[in-house]
Amino acid sequence: MGAFNLTPSDPSTFILNGIPGLEDAHIWISIPFSMLYIIGLLGNFTILFVVGKESTLHKPMFLLLSMLALTDISLSTCVMPKALCIFWFCFKGITVDGCLTQMFFLHAVAGMHSAVLVIMAFDRYVAICEPLRYGTILNNARIAKLGLVGLTRAVFVVLPEPLLLRRLPFCANRVIPHTYCEHMAVVKMSCGDTRVNRTYGLMTALVIIGLDLTLIGLSYRMIIRAVLRINSKKAHLKALNTCTAHISVMLLSYTPYLFSALTHRFGQGIAAHVHILLANLYLLVPPMLNPIIYGVKTKELRDKVGKYICRM
């Protein structure tokens with residue numbers, strides 16, 4: 001019951017207010033949110049289970065799908081349990097350390113998610129441009145090493161954000177109009193000089209998202225050049241078809257992220273509840289749809305999943 005007695009001025013806590021302006025509809029909003037979350041968990045755990053059980057799927061492409069599934073599960077789980085506590089029980093209080101911890105894991109996992117998409121783009125480049133050398137360029141050990149590099153980058157780039165915030169004084173009004181502790185939302189709670197925090201947050205976005213989108217763009221530029229050299233239209237379609245799942249996942253991941261990040265800095269004219277709803281859907285819709293997209297587009301995975309469903 002202590003969570004109900006917290007006040008906005010409590011020096012040890014923040015108050016996550018949920019979706020501003022829609023507090024009376026929190027229960028109804030929680031229904032689609034919880035359904036999206038559960039479907040996403042089921043889909044991603046299914047991929048992890050099937051890839052783990054089937055030795056024929058122990059290949060670089062399916063290892064990457066497993067890494068994507070892990071980041072999808074982690075991304076939504078960083079946020080949804082607390083969000084549902086706000087919607088269902090009005091447990092809005094969160095300690096400052098708890099808030100900064102949630103923020104760190106959320107942004108670190110998002111950075112890792114972006115790294116996985118870059119490795120997937122490189123995988124598609126090798127598969128289309130260097131098909132005869134695919135097995136020597138990419139193997140499970142190399143994919144694991146690339147994943148470790150992506151994780152290390154995400155941790156070390158994101159770690160200064162909560163450390164820099166920890167040194168700031170916070171205002172008496174500690175109500176965060178959000179369902180989770182997003183970096184810029186917490187920065188706005190400070191009464192101190194936040195120029196360093198804002199600058200570093202922008203640099204983090206540029207280092208992770210800017211660099212990753214540039215690398216993905218270069219990969220697809222080389223893929224398109226290679227495809228255009230092929231004379232057969234059928235071969236064109238076959239080559240490009242192998243990229244459609246990855247392109248769909250990229251659009252689902254980067255578009256709402258960029259919208260949310262830019263809105264925090266420049267979108268003062270956008271209604272707060274619209275921004276917060278989209279910021280939550282960004283963490284729910286891609287994790288739900290990614291397993292479906294790859295399940296539909298990847299015949300080998302689809303057949304294995306179908307085999308287990310038939311057994312059940």
Side-chain angles (χ1 to χ4, degrees), residues 43-44 46-72 111-151 153-154 208-209 211-255 286-287 289-307:
N44 286 294
T46 298
I47 286 180
L48 291 173
F49 174 78
V50 172
V51 172
K53 292 286 286 186
E54 294 290 331
S55 58
T56 57
L57 298 183
H58 294 173
K59 303 174 184 177
M61 178 183 177
F62 297 104
L63 179 57
L64 283 170
L65 283 182
S66 298
M67 291 165 62
L68 185 69
L70 278 172
T71 57
D72 279 338
M112 179 60 191
H113 189 273
S114 184
V116 172
L117 292 178
V118 174
I119 302 169
M120 283 181 152
F122 180 59
D123 171 78
R124 292 301 84 203
Y125 160 72
V126 176
I128 292 173
C129 299
E130 301 286 348
L132 300 178
R133 298 174 56 208
Y134 182 87
T136 57
I137 295 174
L138 286 179
N139 52 46
N140 287 348
R142 192 157 291 168
I143 291 293
K145 289 177 182 176
L146 289 172
L148 184 60
V149 170
L151 178 60
R153 182 196 67 165
I208 293 180
I209 303 302
L211 177 62
D212 289 357
L213 284 175
T214 301
L215 292 173
I216 290 170
L218 289 173
S219 296
Y220 273 98
R221 180 185 175 187
M222 290 185 280
I223 287 171
I224 292 169
R225 287 176 61 184
V227 168
L228 291 177
R229 294 196 192 104
I230 303 172
N231 294 324
S232 168
K233 285 189 176 180
K234 186 177 180 180
H236 278 182
L237 293 174
K238 184 178 179 181
L240 291 174
N241 190 51
T242 65
C243 299
T244 53
H246 180 251
I247 292 170
S248 300
V249 169
M250 274 199 315
L251 291 174
L252 277 171
S253 299
Y254 285 123
T255 304
L289 290 180
N290 290 347
I292 298 171
I293 292 170
Y294 275 103
V296 169
K297 297 298 295 182
T298 310
K299 184 179 185 301
E300 200 172 352
L301 178 64
R302 185 171 67 246
D303 291 344
K304 298 298 183 184
V305 171
K307 182 182 79 172

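Note that the structure is predicted; figures quoted are calculated from it, not measured. Only this structure's heavy atoms are used, side chains among them; waters, hydrogens and symmetry mates stay out.
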Ion pair check, Asp303 and Lys299, cut-off under 4.0 Å: yes

Polar side-chain atom of [X] near backbone of [Y] as donor-acceptor pair, under 3.5 Å:
{"X": "Thr71", "Y": "Leu68", "answer": "yes"}
{"X": "Asn140", "Y": "His58", "answer": "yes"}
{"X": "Asn44", "Y": "Pro287", "answer": "yes"}

Distance in Å, [X] [atom1] paired with [Y] [atom2], rounded so as to fall on 0.5 Å steps:
{"X": "Leu148", "Y": "Met112", "atom1": "CG", "atom2": "CE", "value": "8.0 Å"}
{"X": "Leu65", "Y": "Leu57", "atom1": "CG", "atom2": "CG", "value": "9.5 Å"}
{"X": "Met250", "Y": "Leu252", "atom1": "CE", "atom2": "CG", "value": "10.5 Å"}
{"X": "Ile128", "Y": "Asp123", "atom1": "CD1", "atom2": "CG", "value": "9.5 Å"}
{"X": "Leu48", "Y": "Asp72", "atom1": "CG", "atom2": "CG", "value": "10.0 Å"}

Heavy-atom check, side chain of Lys297 versus side chain of Val249, under 4.5 Å: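 The answer is no; the side chains never approach within 4.5 Å.
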
Working for side-chain contact (heavy atoms from CB on, under 4.5 Å), residues Thr56 and Lys304: CA-CA 10 Å; Thr56 57; Lys304 298 298 183 184; 3.3 Å; yes

Where at least one partner belongs to residues 118-147, residue pairs that pass ring-ring contact (aromatic ring centres under 6.0 Å, His included), sequence neighbours excluded: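 Matches after skipping sequence neighbours: none remain.
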
Sequence-distant partners of Ala226, side-chain contact (heavy atoms from CB on, under 4.5 Å), two or more places apart: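 Testing Ala226 for side-chain contact (heavy atoms from CB on, under 4.5 Å), a comparison that skips the adjacent residues, returns Cys129, Arg229.
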
Tyr254: ring-ring contact (aromatic ring centres under 6.0 Å, His included) partners, not counting sequence neighbours: none

